[in-house]
Amino acid sequence: MVDAPLPPDVQSFSLADLEIKNPLRMISVDGEFSVPFNLPSDARVTASNLRLRLTHSTAMLTDLSQLVVYINDEVISAVRLDGSGAAGMTIDIPVDPALFKPRNRLNLRFLGHYTRGCENPLHPSLWAEIDTRASRLSITTTRGAPRLELARLPAPFFEGLPGGLNVPFAFGGPPSDEALQSAAAVASYFALAADYQHFRFPVAIGSLPAGNGVVFATSNETVGGYAVGPVNEPTLRLVENPAAPGSTLLLVLGRDREQLLTAGRTLALGSISLRGGGATTTAPTLRERKPYDAPRWLRTDRPVRFGELADQSAMQIVGSGAPVIVPIRTAPDLFLWPNNVARLKLRYRFGDGEWLNLSASRLDVSLNGTYVKSLGFRDSTRADVFVDRVPGYFTFKEAKVDLPSYMLFGQNELNLYFNIIPKTVGNCKGELPVNLRSGIDPDSTIDLTGAAHFGSLPNLAYFTGSIFPFTRMADLSETAVVLAGNPTPGELETLFSIIGQAAESTGVAATRLTVTRSSDASVLKDKDVLLIGSTAMAAGHAELFSKSPFSPTQSGLARRAQLLDGLTRLFGGKGADGVLDGQDFRGLASFRSPYGGRRVVVAVLSSEPGSLPGTLARLTAPSNIFKVQGDLTADAADGVKGYRVGPIFWRGTLSPLIFVLWWFSRNPLLLAMGFVGAALILSGPVFLFYKALEKRRLNE
């Protein structure tokens, strides 16, 4: 019997899906951009088309100016810039399927000329721009039978494909706490593989995914008509999806709930012993973690090299068109007082020669899109001549830059742009050398030595930025998730998205998370609490909200009157009476845990639980994430808005001296009163001493 061929798979994605968010603007006489993208390793391309939406200057010569398009260094088209692109032009380019590989690169090279004689390479008429959202690459592929090999994981579920990661999770029935803990660990595993790309974990209960997916089941359980069969040990197994031929199911199995949890943890920790189509596992050894030891967060016990934060090749550039970007992740509650700066030691090199205008050229330093400082190329002192240690045609420089602490968030981008200017700009003059190279030395450092961890809570900006304070322990060992007795697929998808964001922030899988349906003090004591569900479900956990400024109802969220309401509003509290009216609510609320200690509760709530995944996606979107503030954020019809409703408290550790000095710096009136009081106290003994001296002299 011959299997029927699988239907072709048509994929279409924009350049924006490839993480090129902004339009590609190409300038000068020779500008080039490179866009990497991947395809499934077991797919065979049968047809492809590239559509480019291009706008360009009308001042360029039509017979000399062109855009050359490459796939994997092979020219697929040379588009003449004939002047019709002033209002935008759409170009469709068929691509030979034989050019594609699992790892691919699209190159766009702009060759612009505005005169037949000598040209000024920086002339303003030399430009072209590609709309990355309207430009698309369409690929038709066919696949054979799936390759069922555990050693290929996370393939075929994730191979860095455009559009991010989408892995459905399936359960045979309402999942147990252990099944959800296992699924959370697996979600963190896939999120770590996706890294900076978007990811989703939609949930199916009682049915199989329509394509690739992960199934969680115990012995002899049936999921969507698929019988797992007997299972005696924790097991990971790959099978072809009977509901979608050609697709793969990853089965996470156990004889009972505990073994199911063991199987999920084994996958999350990336066991190198996984081979073949299936493997049994033993309980992995879980490392005892310490607070703030997340490997993706900057260390505070020593300076950190740039080479530890970014690939060395990404810190070298050709020409002067693209910046060097260094990702910097820190714990959100980083406390740098009293210096209030992070110290950079930048070591950079650039091409040298008579052509270079040392006075005008510079290295511009920006953090999160905000300008910080410019570093010059000219020697500022006579001693600098001896600091330029690189022989030949390169000059080596070293400079120190202070990054203000108020510009540092949980996730940051340090942008270093070489603005290289020739000595004389004009026709036939000032051309840049071919293959001009500049770069940042990987031994450059950022120094947070001596920084403490101390911040105010509740703070929802911490949560959306780094899932903090839950990520204080990178494996989420001090986190408890409270769910409904029978959570909906939307509520579970929201849970797995949050767990994935936590893993992406820290670089550690969530192997010690606690999942519960109870809000008893015995379960939640000494833990930060994440509550996910409807406002009606939250109303069933009244004890958890007993000391909060919020009161969940069957249909929304209301504000509970507090004894210190007047003082709260006087000292920064922002009213949210229109949001907290007990009716329709979607958003986040946070407050101090009622079970003692400096623990917090973050509630992800919606009057309609099916809208939770969409609400979370909107709150964490780049355009909205800065609006998430305070202890209440609502996803309302008029947009995302953050509020401060209840009081704050401080959590962390400072040395006694720093704490006293910091406290007085925030309370200058009390500091002045303290000085007056100290003066009065000290003046008493002095006064008595002089009175005694006066009396003795009179007696004499």
Side-chain angles (χ1 to χ4, degrees), residues 19 154 158 164-165 184-201 268-270 287 289-300 304 308-310 325-335 342 367-368 407-414 446 448 451 453 455 457-481 493-513 527-530 532 588 590 600 602 604 616-617 619-622 624-626 628-629 633 651-652:
E19 303 302 319
F158 180 71
L165 169 69
V186 173
S188 64
Y189 164 78
F190 281 111
L192 286 172
D195 199 10
Y196 62 89
Q197 293 196 47
H198 172 74
F199 48 79
R200 275 194 65 203
F201 303 103
L269 295 175
R287 171 186 167 186
R289 306 205 69 93
K290 298 178 181 179
Y292 301 103
D293 69 349
R296 290 185 177 177
W297 289 358
L298 281 187
R299 300 181 59 157
T300 58
V304 178
E308 301 175 56
L309 305 175
I325 297 177
V326 181
I328 298 174
R329 296 183 179 181
T330 68
D333 64 343
L334 201 66
F335 189 81
L367 182 65
N368 298 323
M407 295 176 62
L408 282 170
F409 306 100
Q411 299 191 36
N412 309 273
E413 274 193 357
L414 181 66
I446 178 170
L448 300 176
H453 294 285
L457 294 172
N459 188 336
L460 290 172
Y462 287 176
F463 177 76
T464 52
S466 304
I467 315 299
F468 190 86
F470 305 101
T471 47
R472 175 178 173 271
M473 299 296 292
D475 58 359
L476 304 189
S477 56
E478 294 184 359
T479 295
V481 176
E493 180 181 346
T494 302
L495 165 64
F496 300 140
S497 293
I498 293 173
I499 299 303
Q501 291 174 34
E504 195 272 334
S505 173
T506 62
V508 176
T511 53
R512 289 195 168 184
L513 177 71
K527 290 185 181 294
D528 293 306
V529 180
L530 176 61
I532 300 173
L588 306 173
S590 186
V600 298
V602 174
V604 186
L616 182 67
L619 294 178
T620 55
N624 288 328
I625 194 168
F626 70 95
V628 181
Q629 301 175 17
T633 296
R651 175 165 148 178

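For the single chain, residues carry numbers from 1 onward in sequence order. These values consider heavy atoms only, across backbone and side chains, with no hydrogens, waters or symmetry-generated copies.
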Can you check whether [Y]'s main-chain N or O pairs, donor with acceptor, with [X]'s side chain at less than 3.5 Å?
X: S466; Y: Y462; value: no
X: N368; Y: E413; value: yes
X: N412; Y: I328; value: yes
X: Q501; Y: I467; value: no
X: S477; Y: M473; value: no
X: S505; Y: A502; value: no
X: S590; Y: P458; value: no

So do [Y] and [X] actually touch side chain to side chain, heavy atoms under 4.5 Å?
X: I498; Y: L530; value: yes
X: S497; Y: R200; value: no
X: F201; Y: I499; value: no
X: P332; Y: F409; value: no
X: V529; Y: V600; value: no
X: V604; Y: T494; value: yes
X: Y292; Y: W297; value: yes
X: D333; Y: H453; value: yes

Worksheet item: E478 pairs by salt bridge (Lys or Arg N to Asp or Glu O under 4.0 Å) with which of R472, R289, K290?
Response: R472
Could you tell me which non-hydrogen atom of [X] sits nearest to which non-hydrogen atom of [Y], and how far apart they are?
X: A185; Y: A268; value: O-CB, 3.3 Å
X: T620; Y: L616; value: OG1-O, 2.8 Å
X: A503; Y: L192; value: O-CD2, 3.2 Å
X: A194; Y: F199; value: CB-CD2, 4.3 Å

Quick check for you: to the nearest 0.5 Å, what is the distance between [X] atom [atom1] and [Y] atom [atom2]?
X: I532; Y: L495; atom1: CD1; atom2: CG; value: 4.5 Å
X: L513; Y: T479; atom1: CG; atom2: OG1; value: 6.5 Å
X: L457; Y: R651; atom1: CG; atom2: CZ; value: 6.0 Å
X: F468; Y: D528; atom1: CZ; atom2: CG; value: 8.5 Å
X: I625; Y: T464; atom1: CD1; atom2: OG1; value: 4.5 Å

Fill in: Lys/Arg-Asp/Glu bridge criterion (N-O < 4.0 Å) met for E504, R329
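Salt bridge flag = yes for R329 with E504.
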Worksheet item: Less than 4.0 Å between a side-chain N and a carboxylate O, is that true for R287 and D293?
Response: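 R287 and D293: salt-bridged.
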Worksheet item: Checking side chain to side chain contact (heavy atoms under 4.5 Å, CB included) against I446, which of T330, L309, L414 comes through?
Response: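 Exactly one candidate clears the test, L309.
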Worksheet item: Is E308 atom CD crowded by more than 12 heavy atoms from other residues, nucleotides or ligands, each under 6.0 Å away?
Response: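 Enclosed: over 12 neighbouring heavy atoms sit under 6.0 Å from CD of E308.
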Discussion item. Classify the ring geometry of F470 against F463: parallel below 30°, tilted from 30° to 60°, perpendicular beyond 60°.
Written reply: perpendicular
Practice prompt. Given side chain to side chain contact (heavy atoms under 4.5 Å, CB included), test R296 with T506 step by step and report yes or no.
Written response: CA-CA 5 Å; R296 290 185 177 177; T506 62; 5.8 Å; no
Practice prompt. For L334 and T300, run side chain to side chain contact (heavy atoms under 4.5 Å, CB included): C-alpha distance rounded to whole Å, both residues' side-chain angles, the deciding distance at 0.1 Å, then the answer.
Written response: CA-CA 9 Å; L334 201 66; T300 58; 3.9 Å; yes
